[in-house]
Amino acid sequence: MSPTVQELRNAIRVATGRFEREVNASFTKEELQAICEALGVNVDEAGRPSTSQMRRLVRAHVGIAESLKAADDSTFRKADLQAIADEVGASFES
């Protein structure tokens, strides 16, 4: 059985040194920064990036989008989360 969106988010959180959440919640700015660090994405080049900018950076880095300019800045969908989980080496229990 495939993992739920919440299971994927929590697996990514754990893989990036953050805590799991019991409630269904999108990534915080700090969690997005941790994901960027785990992926080797330099967020400092963008100054103080917004959450939408970091989502675009992550999408471009993991290959969800062809480029930063083409990347969507909306919250991550399940397919996006699966690609990110693969890239950060997240594991989860099904």
Side-chain angles (χ1 to χ4, degrees):
M1 187 172 183
S2 85
T4 65
V5 168
Q6 182 62 15
E7 289 170 333
L8 286 166
R9 281 191 193 118
N10 277 334
I12 293 167
R13 285 181 176 109
V14 170
T16 58
R18 309 311 264 173
F19 294 102
E20 288 186 27
R21 291 181 171 221
E22 291 184 25
V23 297
N24 191 5
S26 297
F27 292 121
T28 64
K29 188 170 186 173
E30 291 78 17
E31 290 168 336
L32 286 169
Q33 287 175 321
I35 292 168
C36 288
E37 287 176 19
L39 294 172
V41 176
N42 188 357
V43 294
D44 292 333
E45 290 178 4
R48 292 178 51 113
S50 65
T51 55
S52 59
Q53 174 71 12
M54 285 189 280
R55 284 189 205 108
R56 288 195 306 270
L57 286 166
V58 169
R59 281 189 170 100
H61 186 79
V62 300
I64 296 167
E66 291 183 18
S67 68
L68 181 60
K69 189 174 182 177
D72 183 12
D73 66 355
S74 64
T75 58
F76 296 119
R77 295 179 235 9
K78 187 172 184 177
D80 300 340
L81 292 170
Q82 289 173 324
I84 295 165
D86 290 343
E87 286 292 318
V88 299
S91 62
F92 52 88
E93 295 177 22
S94 53

- prompt: So, do Val58 and Phe76 sit near enough that their side-chain heavy atoms are less than 4.5 Å apart?
  reply: yes
field: Nearest atoms (heavy-atom pairs only) where Arg9 meets Ala25
entry: CD-O, 3.1 Å
message: Tell me whether Gln6 contacts the main-chain N or O of Arg21 through its side chain, where contact means a donor paired with an acceptor under 3.5 Å.
response: yes
statement: Tested for side-chain contact (heavy atoms from CB on, under 4.5 Å) against Leu57, the lone hit among Val41, Ile35, Leu32 is Val41
query: Mind checking whether Val62 and Val5 sit in one hydrophobic cluster, side chains of I, L, V, M, F, W, Y counted as touching below 4.5 Å?
result: yes
statement: To the nearest 0.5 Å, atom OG of Ser67 lies from atom CZ of Arg59 at 13.0 Å
field: Straight-line distance of Thr4 OG1 to Lys78 NZ, nearest 0.5 Å
entry: 7.0 Å
- prompt: Can you find a heavy atom in the side chain of Ser2 that is under 4.5 Å from one in the side chain of Glu7?
  reply: no
query: Where the side chain of Asp80 meets the backbone of Arg77, is there a donor-acceptor pair that is under 3.5 Å apart?
result: yes
- request: Please report the closest heavy-atom contact between Ala11 and Ser91, naming both atoms and the distance.
  value: CB-O, 3.4 Å
statement: Nearest heavy-atom approach of Leu8 to Pro3 is CD2-CG, 3.7 Å
- prompt: Can you tell if the side chain of Glu37 reaches within under 4.5 Å of the side chain of Thr16, non-hydrogen atoms only?
  reply: no
Transitive ILVMFWY side-chain link Val14 to Leu81, under 4.5 Å: no
- request: Measure the spacing between CD of Glu30 and CE of Met54 and express it to the nearest 0.5 Å.
  value: 8.0 Å
task: List the steps and the verdict of side chain to side chain contact (heavy atoms under 4.5 Å, CB included) for Arg56 and Ser50.
output: CA-CA 10 Å; Arg56 288 195 306 270; Ser50 65; 5.6 Å; no
task: Please determine which of Arg13, Arg18, Arg55 meets the salt bridge (charged side-chain N to carboxylate O under 4.0 Å, His left out) test together with Glu31.
output: Arg13
task: List the atom of Leu68, the atom of Ala60, and the distance in Å for their closest heavy-atom pair.
output: N-CB, 3.7 Å
field: Gap between atom CD1 of Ile84 and atom CD of Glu87 - 0.5 Å precision
entry: 9.5 Å
